[in-house]
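Single-structure report; data block below.
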2 protein chains.
Amino acid sequence: MNYSDLKPIYLQIVDTICEQVLNGTLQSGQRIPSVREMAITMQVNPNTLIRSYSYLEEQGIITMSRGVGYFLSQDAIKKVISIKKQSFLKQELPNIFKTMDLLEMDIKELTQLYKQRSDYEKK
Amino acid sequence: MNYSDLKPIYLQIVDTICEQVLNGTLQSGQRIPSVREMAITMQVNPNTLIRSYSYLEEQGIITMSRGVGYFLSQDAIKKVISIKKQSFLKQELPNIFKTMDLLEMDIKELTQLYKQRSDYEKK
DNA sequence: TATAGTGTTATAGTTAGCTATAACACTATA
DNA sequence: TATAGTGTTATAGCTAACTATAACACTATA
C-alpha cells in the first residue's frame, strides 16, 4: 500500500476494501481476513485496522461475530455502490465541475480526456 | 469558512485564496491582506495562516517583503491555473474516471449531470 | 526617532491519527 | 476442557495540525 498524506490511512483502507468488494476480490456473505491478518497485509497496526472495520460495520457493509470474525453483508455490493454514488454525486461532482469552471475546461474537453485514457488504461 | 476534516485547514485556505485569484477578488501584483487581517477573516490562528502564505510563496504565487506585506506575483493567475490544471489532470481525473468505472457510469451520464447543473447552478 | 503596521518566532497546550506492545474476552473445536 | 484463533481494550508514546498568547524584528512614515 502507498498511503497518501491527505486522507487518514484507516479511510484509505476502507476505500481499498470497498474496491475489492466491487471487483469481486471479496465476495458477498463471505468472511473477510481477520484483523491481524489484514493488518499485516495492509502493513498497519491492528488498532488502525479495527478503525477501518468499525467504520465499514457502521455503514452496514460488514458484520462482526465475536471470536469468529468479520463477514461481508449479503448486500455488501449494493451498499458500497449506493454509498459511493451518493458521495460522488453530492460531494465530488460539484467540486469537479467547479474546477472545470476555474480552468475554463468544458465537457467536450473532458470527454476527449475520458476517451483518450480509455484507449490505453481500461482493462 | 466551513472547514472540512479531511484536508488541513491551511491547505483549504490556500484553495480559497487561489479561487479569489482566479475570480478576480484578488488582483495580480497587488498586496493581499496582512497575516493578522486574513487570520481574522478566515477565523484562524495567525500561525496557521502563515503556513498558507508560506505555501503559496513556495509555489511562486505570492511574494513577501518583510515589514511590508505579501503581494500577488505578476503572473499569479497563470501560476494558479497551471498548478490547478496539473493536479486536476494528474491526480483528480484518474480517480474520477476510476470511480465512474466502479459505478458503471459512462461519459454520457456525466455529460447529462454537467448540463443539468448548468441549468441552475452556473452564474 | 518614535510608532503603527508589517512579518516571524517561541512556548505551551489540545486533538486526531498512528504505532508498539500486551493483556483480556469470546468461540469453535480437537 | 485446553487451546488456537477470533475480536477488543489499554497503556504509552510519536507526529502533524491547530490554538492562544506573547514577544521580537523589520519598514514606512509622521
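Chain A is the first sequence line, chain B the second, and so forth, proteins listed ahead of strands; every chain is numbered from 1. The figures that follow rest on heavy atoms only: side chains count, while hydrogens, waters and symmetry mates do not.
- With DNA chain C read from its 5' end, the first of the two nearest nucleotides for B:N47 and B:S34 is the one closest to B:S34.
- Within a 6.0 Å radius of CZ in A:F71, other residues, nucleotides and ligands contribute more than 12 heavy atoms.
- Distances shorter than 4.0 Å separate some side-chain N or O of A:Y70 from OP1 or OP2 on D:dT8.
- Ranking C:dG17, D:dG7, C:dT8 by closeness to the B:I50 side chain, first place goes to C:dT8.
- Within the nucleic acid shown, B:Q12 has no heavy atom closer than 4.0 Å to any nucleic acid atom.
- The interatomic distance linking B:L6 (CG) with D:dA16 (P) rounds to 19 Å, in whole Å.
- With rounding to whole Å, B:Y55 atom OH is found 17 Å from D:dA16 atom P.
- In this structure, B:S65 does not reach the C:dT6 phosphate: none of its side-chain N or O atoms is under 4.0 Å from OP1 or OP2.
- Taking atom OH of residue B:Y10 and atom C1' of nucleotide D:dC18, one finds them 12 Å apart after rounding to whole Å.
- Taking only side-chain atoms of A:T48, from C-beta outward, the nucleotide of C:dC18, D:dT19, C:dT9 with the closest atom is C:dC18.
- Side-chain atoms of A:I17 and A:M38, non-hydrogen and from C-beta on, do get closer than 4.5 Å to each other.
- Pair assignment for D:dA28: C:dT3, on the basis of Watson-Crick or G-U wobble contacts that are both within less than 3.5 Å.
- The CG atom of B:L11 lies 12.5 Å from the CG atom of B:L6; values are rounded to the nearest 0.5 Å.
- Using a 4.0 Å heavy-atom cutoff across all strands shown, A:E57 reaches no nucleic acid atom at all.
- Nearest nucleotide to the A:P46 side chain, out of C:dT21, D:dC18, C:dG7: C:dT21.
- Comparing D:dT19, C:dT21, C:dA25 against the side chain of B:N45 picks out D:dT19 as the nearest.
- Judged by Watson-Crick or G-U wobble contacts below 3.5 Å, the nucleotide D:dC18 has C:dG13 as its partner.
- Between D:dC18, D:dG7, D:dT6, one nucleotide has an atom nearer to the side chain of A:M64 than all others, and that is D:dG7.
- In this structure, the CG atom of B:L49 is 16 Å from the C1' atom of D:dA20, given to the nearest Å.
- Following rounding to the nearest Å, B:L11 (CG) and D:dA16 (P) show an atom-to-atom distance of 14 Å.
- No engagement by A:Y53 is indicated, since no non-hydrogen atom pair under 4.0 Å with the nucleic acid exists.
- The nucleotide whose nearest atom lies closest to any side-chain atom of B:I9 is, among C:dG7, D:dT19, C:dT19, D:dT19.
- Hydrophobic clustering (side-chain heavy atoms under 4.5 Å, transitive across Ile, Leu, Val, Met, Phe, Trp, Tyr) groups A:M100 together with B:L89.
- Note: CD1 (A:I40) to P (C:dT19) measures 13 Å, nearest angstrom.
- Residues A:L93 and B:L110 are in side-chain contact: their nearest non-hydrogen atoms beyond the backbone lie under 4.5 Å apart.
- On a pure distance criterion of 3.5 Å, a polar donor-acceptor pair joins the side chain of A:R36 and the base of D:dG7.
- The 5' end of DNA chain C is approached more closely, in terms of each residue's nearest nucleotide, by B:V68 than by the other of B:V68 and A:Q43.
- If you check C:dT19 for Watson-Crick or wobble pairing at under 3.5 angstrom, you find it paired to D:dA12.
- Phosphate proximity of C:dT6 to B:R31: present, with a side-chain N or O under 4.0 Å from OP1 or OP2.
- B:R51 forms no cation-pi arrangement with B:Y53, by the criterion of a distance under 6.0 Å to the ring centre and an angle within 45° of the ring axis.
- Rounded to a whole Å, the CZ atom of A:R51 is 11 Å from the C1' atom of C:dT15.
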